Novice: 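Pasting a structure below so you can have a look.
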Amino acid sequence: EPGRFSGRDHVRLELRPSARRATREIARSIIGAKATEEQLDRIAEQAAGSPLFAEELARLLAAGKNAETAPTIEAAIQVSLDALDDASRSAVVRMSVLGLSVWDAGVRRFAVDSVESVLKKLVAAEILVEQPKSRFVTTKEYLFKHALLRDVACAMAGEGLKKEIHGLAAEWLAEVGEDAATIAQHFDLGGRFEDAAQYWESAARRALATNSLADAVRMSERALAFADDKPTAFARAVILEEAHARLDARSSERRQLFGSAGPCGLGRVDAGRRHLDGVPAGVGTITRCRGDRVRHAEDRALLRMGKAGGG
């Protein structure tokens, strides 16, 4: 993402293409002693300095397939995945929806039969790499060997299957104590927006507590969008307004909304409240100089909810 690391201390490394001789050696190590000079030269030329592409092309040749039918690295990976048996291919497609990391206990939720056997086959095929430690107790963790491999596998999944797996993944991750933002994202991708909103709210509270204000704004906005009642919407709007207040990125808008009345520089929000049916008139009332920040956030939240309701 452009500008992702702007303003942060980081070191940028430019990786040059691998030397032709290095690419040939990668291919030789996979094909073995039967590799011919012509095959090695063809792989080195086709890979164009990409070690991963050279590895995938060599794997195709070692399996007796024509590497020339794979003009891109994605095509080479696709051929390798197509060569798997039906059970293994179906399993790797489902696992890919979960992400780069997968866990045996999670995979069992995805309607995969003989999970242990399938995982062993995928490790042997160098699609997955078993990790020495797992983030979640009593589970085994595996990592896709390369992000591009996972992307190609995920592209094989239909939209309906992706939604189903994302929903199942979110449920399992919630059980094992994964981060709320990760759970929310899976629920969102699974089309279960109300379930996602609960976790976006939790994630927003945590972001606010750790002063990750931009994240708090983004998450609380998502949570607020799917609030199913006014008390819930109010609680989420308070988080959003508190994050905005700290960021002060919308100070001009707040000045316009509240005006300049009052010795504390804060106007009343009674007009905003009138847009809300059923909200007690005294909730979050700001009186002259009673200006603690929580109450200010509550009043701004009420005004925001009034505007969202069409006021």
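If you're wondering where the values come from, they're calculated on a predicted model, not measured in any experiment. Residue numbers run from 1 in the order of the sequence given.
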Novice: Quick check: is L189 connected to L173 through a chain of hydrophobic side chains (ILVMFWY, heavy atoms under 4.5 Å apart)?
Specialist: no
Novice: Flag the pair W200 / D188 as yes when at least one side-chain heavy-atom distance between them is below 4.5 Å, and no otherwise.
Specialist: yes
Novice: Are L81 and L98 linked, directly or through intermediate hydrophobic residues, by side-chain heavy-atom contacts shorter than 4.5 Å (ILVMFWY only)?
Specialist: yes
Novice: Does the side-chain contact (heavy atoms from CB on, under 4.5 Å) test come out yes or no for L119 and K140, once each step is laid out?
Specialist: CA-CA 10 Å; L119 288 171; K140 290 183 180 179; over 6 Å; no
Novice: More than 12 non-hydrogen atoms from neighbouring residues, nucleotides or ligands closer than 6.0 Å to NZ on K162, yes or no?
Specialist: yes
Novice: Look at E178 together with R135 and state whether they make a salt bridge at an N to O cut-off of under 4.0 Å.
Specialist: yes
Novice: If I take atom CD from residue E164 and atom CZ from residue R94, how far apart are they, to the nearest 0.5 angstrom?
Specialist: 6.0 Å
Novice: Under the criterion side-chain contact (heavy atoms from CB on, under 4.5 Å), which of L100, L122, L128 is the partner of Y142?
Specialist: L128
Novice: Does any N or O in the side chain of E141 come within less than 3.5 Å of the main-chain N or O of E130, such that one atom is a donor and the other an acceptor?
Specialist: no
Novice: Between the side chain of S220 and the main-chain N/O of A216, is any donor-acceptor distance below 3.5 Å?
Specialist: yes
Novice: Taking it one step at a time, do W172 and F110 satisfy ring pair (Phe, Tyr, Trp, His ring centres under 6.0 Å)?
Specialist: CA-CA 10 Å; W172 179 75; F110 305 158; 8.0 Å; no
Novice: Does A223 offer a backbone N or O that forms a donor-acceptor pair with the side chain of R236 under 3.5 Å?
Specialist: yes
Novice: Search all heavy atoms of D82 against all heavy atoms of R89 and return the closest pair with its distance.
Specialist: O-NH1, 3.2 Å
Novice: Decide, yes or no, whether a salt bridge links R206 with D215 under the criterion of side-chain N to carboxylate O below 4.0 Å.
Specialist: no
Novice: Just do the side-chain contact (heavy atoms from CB on, under 4.5 Å) check on V123 and V129 with the steps written out, would you?
Specialist: CA-CA 6 Å; V123 169; V129 179; over 6 Å; no
Novice: From Q78 CD over to L149 CG, what is the distance, rounded to the nearest 0.5 angstrom?
Specialist: 10.0 Å
Novice: Using the six-membered ring wherever Trp is involved, compare the ring planes of F226 and F193 and label them parallel, tilted or perpendicular (cut-offs 30° and 60°).
Specialist: parallel
Novice: Are any non-hydrogen side-chain atoms of K121 and D85 less than 4.5 angstrom apart?
Specialist: yes
Novice: Tell me, do L161 and V97 make a side-chain contact under 4.5 Å, heavy atoms counted?
Specialist: no
Novice: Hey, what do you get for OG (S90) to CG (L84), rounding to the nearest 0.5 Å?
Specialist: 11.0 Å
Novice: Between E159 and K163, does at least one N-O distance fall below 4.0 Å, as a salt bridge requires?
Specialist: no
Novice: Rounded to the nearest 0.5 Å, what separation is found between the OG atom of S114 and the CZ atom of R108?
Specialist: 10.5 Å
Novice: Shortest non-hydrogen contact from L224 to A233?
Specialist: CD1-O, 3.3 Å
Novice: When rounded to the nearest 0.5 angstrom, what is the spacing between OG1 in T139 and CD in Q131?
Specialist: 11.5 Å
Novice: Between V118 and D113, which heavy-atom pair has the shortest distance, and what is it?
Specialist: CG2-O, 3.6 Å
Novice: Do the side chain of D195 and the main chain of F187 share a donor and acceptor less than 3.5 angstrom apart?
Specialist: no
Novice: Report yes if some heavy atom in the side chain of T182 is under 4.5 Å from a heavy atom in the side chain of Y199; otherwise report no.
Specialist: no
Novice: Could you grab the distance from atom CG of L143 to atom CD1 of I127, nearest 0.5 Å is fine?
Specialist: 13.5 Å
Novice: State, yes or no, whether a side-chain contact exists between L208 and R246 at a heavy-atom distance under 4.5 Å.
Specialist: yes
Novice: Can you tell if the side chain of R205 reaches within under 4.5 Å of the side chain of I239, non-hydrogen atoms only?
Specialist: yes
Novice: Between H186 and E171, is there a side-chain heavy-atom distance shorter than 4.5 Å?
Specialist: no
